[in-house]
Amino acid sequence: MVAGAKRCYNIGRSKERGILMQQTRLPLPVGTTDFKRICRENYYVDKTLLIKDLLDEKVSHILFTRPRRFGKTLNMDMLRTFFEKTDADTSSYFKDKAIWQQGESYRQQQGQYPVIFLSLKDIKAQDWETAYELLKMIISSEYARHPELQAGNEISQQDKDFYEKIVNKNANKADYMLSLQILSRMLYQYYKKAPVIIIDEYDTPIQEGFVNNYYNEAIRFIRNFFSAALKDNPYITMSLMTGILRVAKESIFSGLNNIRVDSVLDDTFSGYFGFTEGEVKTITQYYNVTEKLAEIKSWYDGYRFGSTEIYNPWSVINYITSSCKAIPYWSQTSENTIIHEILKKYNEATYRNLHELLKENGQVSSVIKTNIIYPELKGPQTDILGFLLMTGYLKATEMTLNEDGEHLCRLNIPNKEIRTIYRKEIISLLIAEVGDMTVTDLRDALLNKDSAVIKETLGRFMMQTISYYDGLRESYYHGLMLGLITIFEYTHFIRSNRESGTGRYDIQLIPKNAGMPGIIIEIKAGEAKDDDCALSKLAQVAFEQIEEKKYDTELRSLGVSVIHKYGIAFANKRVELKTN
C-alpha cells in the first residue's frame, strides 16, 4: 500500500492529550503524478490490479473517460512504468504491490515493451496556431525519448531522416499526422515487439478548441493523428487512452470500430479511478483521522462509477493534507469553463433541472448520451445532463437501458463540494450577465424589505437575460429566483419546496446567525396578456398564501423573530410583488 522513505508528518489530534501529534507518516502526493516518485516518497493507494484486468480482458484499444483529477494521469504513468522496457530495472516499484502477488504470468509482462507516451493535458491555447505548436513540441519530445532509433541498423535511412525532421520540428502537418503511426513501426522494427501506446487526456485540445473557437481545426488534426496510428496498425500491442469525454465517433473516432470505451457508467474498471470507500477508510486509519470519515463522506463522496462508490481523490488528499479543513478543493483546479458556458443558456428546461437538483435530495431523470458533440452542448438537455455526469458534476444513482440501448439515469448532485460549485458558478454567471450590483442590490433589498428596489432589480434582470416567450411556467421563474438568491448561501440556509405549516412554500431562507431576518418567497406566473393590475392581484394571492398556509411555522419554531414575506408574480419580463 505504501512505499518509500519515512518522514515526519503532522496530522490529527490526540483525543487523550488534546495536542497535535507528531508521527512518522508518508505524505500524501499532492499534485504529483509521477508513479516512481510517489512510490519512493509518498503514500500510494495501490491501483496496480488495473494491469491484471487489462491483461485478463485482452484489451487492444481502450479509452477511459473520467472527470478531471480522478487519477487518470497517475494510472497511465503506472502502466508506462510497468510495461516499458528500460535500461534500469523497474520491477522494484511493483514487488510490494498487488499485481506482483497475482502470479508469474503477470510478472513476466513487466518491462517487456517499448512504450509511446503522450500527454495532451497541457495543450491549452487561445488559438489553433499555438495549440498546433504545442502538439508539435510534445510529439517531438516523445521521438527524442527514443534516441536508440537513430542509431539502430534495423531502421531505414528514410525513417531516420523522418525521425530527424520530427525531433528538430522541421516536419510538415501531414508528417505530424502520421508521426505516431511511423514511430510505432520504428519501435517494432528495433525491439521486435509491438509497442504499448498511451495517450493521456486526449480530448484537452478539442475542449480548448471548442471554448476558444478553433474546434474544427483541432478535430481535423486529432482525427487524422489517431486514425493513422490506431486504425489497422499491426505495430501495436495495446493502446490506452484517457480523457474526460468520449468525443462523438463521427467527429473523431471515425473508422475505429474496435476501440473500447470505459466510462463512469461501466463496471469492469470502475474502482481504479478515484478512491473507493475501503481505500478512504484505510487512509483515515493511517493518518489517525477516522473521526473525520462522516465529514469526508458528505463533502467528497457520492460519485458512482458503474456500481462502485467513489470518492474524489484530489479533494480527499487535500483535505487530509490541509489539517482536515472541509472546503471545495476540486473547484480550485479548473476554471470550470465548459459548465460556465452550459449554465449561461437561460431556458426553462435548464432552470427547471437546476431547481430540482439544488433542492435537498433533488434529482432528475434523463436519457444520457455518452458520445459528446461539443457544438451541441448548449442544445438538448440530454446532452447537457450527459456532459455534467461525465465531467463529475452529477452522479447516476439508478441506471437502466431502454429499448434503443440508451442509458436512462436518475441523476443528482454528488456532495457538498459540487453543490458549492453550482452555487458559485450561478452567482458568477449572474454577475457576468447583469453586473455584481444587480445581485447585491437584490440581496440587500430582500434583507431590508425594500419593495421598490426588489421590483426594479428583478425587472432589470428580466430585461437583460431572458427572451420573450409566451406562457413561461412558474417552474421557470422559481428556478430563476433560486439562481439569483444563491448569493445568500453564506448567510442563510436555502430551502425550496419544503413543507411548513399546512403547505409547501416555494423558497425559504433560514438565517445562520441570530439577528438576521428569515425570508419566505412565494412565486406565481401570470399570462402574457395580464396588465399590471392583474399581475399585482396575483402577487397579492401569492402573499396571502404564505399567511393562510402558515409557511412561517418552521422559521418561528427555529426562533427566528423577524420574517420577511414576499409574494412575487411574473409575466414574461414584468414583475410585481407584495410584502408584509
Side-chain angles (χ1 to χ4, degrees), residues 33 35 47-66 71-86 90-91 93-94 97-100 102-121 138-139 142-143 145-146 149 178-203 222 225-243 246 249 252-253 255-263 266-273:
T33 57
F35 174 75
K47 300 290 186 179
T48 59
L49 289 182
L50 172 59
I51 300 164
K52 177 181 184 299
D53 286 354
L54 286 169
L55 294 173
D56 289 349
E57 292 282 320
K58 302 188 186 308
V59 169
S60 296
H61 305 284
I62 191 167
L63 166 63
F64 295 105
T65 60
R66 295 293 191 279
K72 299 188 297 294
T73 300
L74 175 56
N75 274 343
M76 293 305 104
D77 197 55
M78 179 268 290
L79 292 169
R80 170 169 68 171
T81 306
F82 183 84
F83 286 114
E84 188 164 34
K85 185 179 182 65
T86 61
T90 54
S91 65
Y93 294 104
F94 297 94
K97 306 298 189 299
I99 185 61
W100 217 251
Q102 303 307 306
E104 184 63 25
S105 61
Y106 300 101
R107 294 194 289 269
Q108 286 178 349
Q109 300 295 316
Q110 201 277 319
Q112 297 300 307
Y113 300 88
V115 171
I116 299 172
F117 186 94
L118 297 174
S119 177
L120 306 189
K121 64 184 178 68
I138 287 170
I139 295 168
E142 182 58 20
Y143 263 67
R145 207 171 66 84
H146 301 281
L149 298 177
L178 294 173
S179 59
L180 194 54
Q181 179 200 72
I182 293 173
L183 180 58
S184 67
R185 176 169 53 77
M186 286 195 287
L187 287 169
Y188 172 78
Q189 290 170 342
Y190 184 88
Y191 287 99
K192 303 299 186 286
K193 187 167 283 192
V196 173
I197 295 180
I198 301 174
I199 302 173
D200 187 43
E201 302 289 7
Y202 86 98
D203 56 340
I222 296 296
F225 183 61
F226 288 161
S227 293
L230 305 180
K231 183 181 178 182
D232 302 324
N233 184 354
Y235 307 112
I236 299 177
T237 293
M238 174 169 36
S239 69
L240 309 162
M241 302 172 65
T242 73
R246 176 183 180 176
K249 187 173 181 177
I252 191 167
F253 291 123
L256 299 179
N257 297 319
N258 60 340
I259 190 165
R260 176 174 174 177
V261 179
D262 185 87
S263 77
D266 297 305
D267 267 317
T268 305
F269 303 97
S270 59
Y272 295 121
F273 298 88

Practice prompt. Evaluate side chain to side chain contact (heavy atoms under 4.5 Å, CB included) for Ile259 paired with Phe226, printing each intermediate quantity in order.
Written response: CA-CA 11 Å; Ile259 190 165; Phe226 288 161; over 6 Å; no
[X] side, atom [atom1]; [Y] side, atom [atom2] - distance, nearest 0.5 Å:
| X | Y | atom1 | atom2 | result |
| --- | --- | --- | --- | --- |
| Lys52 | Glu57 | NZ | CD | 9.5 Å |
| Ile62 | Met238 | CD1 | CE | 9.5 Å |
| Met241 | His61 | CE | NE2 | 10.5 Å |
| Asp232 | Ser227 | CG | OG | 10.0 Å |
| Thr33 | Leu74 | OG1 | CG | 7.0 Å |
| Met186 | Gln181 | CE | CD | 10.5 Å |

Main chain of [Y], side chain of [X]: is a donor-acceptor contact present, judged purely on distance under 3.5 Å?
| X | Y | answer |
| --- | --- | --- |
| Thr237 | Ala194 | yes |
| Asp77 | Thr73 | no |
| Arg80 | Ile197 | no |
| Lys47 | Gly271 | yes |
| Lys121 | Asp200 | no |
| Thr48 | Ile99 | yes |

Practice prompt. Start with the C-alpha gap between Arg260 and Leu63, add the side-chain angles, then the distance that decides, and say whether side chain to side chain contact (heavy atoms under 4.5 Å, CB included) holds.
Written response: CA-CA 6 Å; Arg260 176 174 174 177; Leu63 166 63; over 6 Å; no
Worksheet item: Would you say Tyr188 has more than 12 foreign heavy atoms packed within less than 6.0 Å of its OH?
Response: no
Practice prompt. Just do the ring-ring contact (aromatic ring centres under 6.0 Å, His included) check on Phe35 and Phe94 with the steps written out, would you?
Written response: CA-CA 11 Å; Phe35 174 75; Phe94 297 94; 5.2 Å; yes
Please find the pair of heavy atoms, one from [X] and one from [Y], that lie closest to each other, and give the distance.
| X | Y | value |
| --- | --- | --- |
| Gly243 | Asp203 | CA-OD1, 3.4 Å |
| Tyr191 | Pro114 | CD1-CB, 3.7 Å |
| Ile236 | Ala229 | CD1-O, 3.2 Å |
| Ile138 | Ser119 | CD1-O, 3.4 Å |
| Pro195 | Tyr235 | CD-O, 2.9 Å |
| Tyr190 | Leu149 | CB-CD2, 3.7 Å |

Any heavy-atom pair between the side chains of [Y] and [X] that's under 4.5 Å?
| X | Y | answer |
| --- | --- | --- |
| Asn75 | Leu50 | yes |
| Phe83 | Ile51 | yes |
| Ile198 | Val115 | yes |

Practice prompt. Classify the ring geometry between Phe64 and Phe273 as parallel (under 30°), tilted (30 to 60°) or perpendicular (over 60°).
Written response: tilted
Practice prompt. Just do the side chain to side chain contact (heavy atoms under 4.5 Å, CB included) check on Ile199 and Phe117 with the steps written out, would you?
Written response: CA-CA 6 Å; Ile199 302 173; Phe117 186 94; over 6 Å; no
Practice prompt. Using side chain to side chain contact (heavy atoms under 4.5 Å, CB included) as the criterion, list what pairs up with Glu104, not counting sequence neighbours.
Written response: Arg107, Gln108
Fill in: Asp56 vs Tyr106, side chain to side chain donor-acceptor pair (under 3.5 Å): CA-CA, chis, key distance, verdict
CA-CA 10 Å; Asp56 289 349; Tyr106 300 101; 2.5 Å; yes
Worksheet item: With a 6.0 Å cut-off on ring centres, are Tyr113 and Phe82 close enough?
Response: no
Worksheet item: Can you name the salt bridge (Lys or Arg N to Asp or Glu O under 4.0 Å) partners of Arg145, sequence neighbours left out?
Response: Glu84, Glu142
Item to complete: I would like to know whether Val196 and Leu79 meet side chain to side chain contact (heavy atoms under 4.5 Å, CB included); could you show each step before the answer?
Response: CA-CA 10 Å; Val196 173; Leu79 292 169; over 6 Å; no
Practice prompt. Using only heavy-atom distances, determine whether the side chains of Asn233 and Ser184 contain a donor-acceptor pair under 3.5 Å.
Written response: yes
Fill in: Any side-chain donor near an acceptor of the partner, Thr90 and Gln110, under 3.5 Å
yes
Fill in: salt bridge (charged side-chain N to carboxylate O under 4.0 Å, His left out) contacts touching residues 179-196 (sequence neighbours left out)
Asp159-Arg185
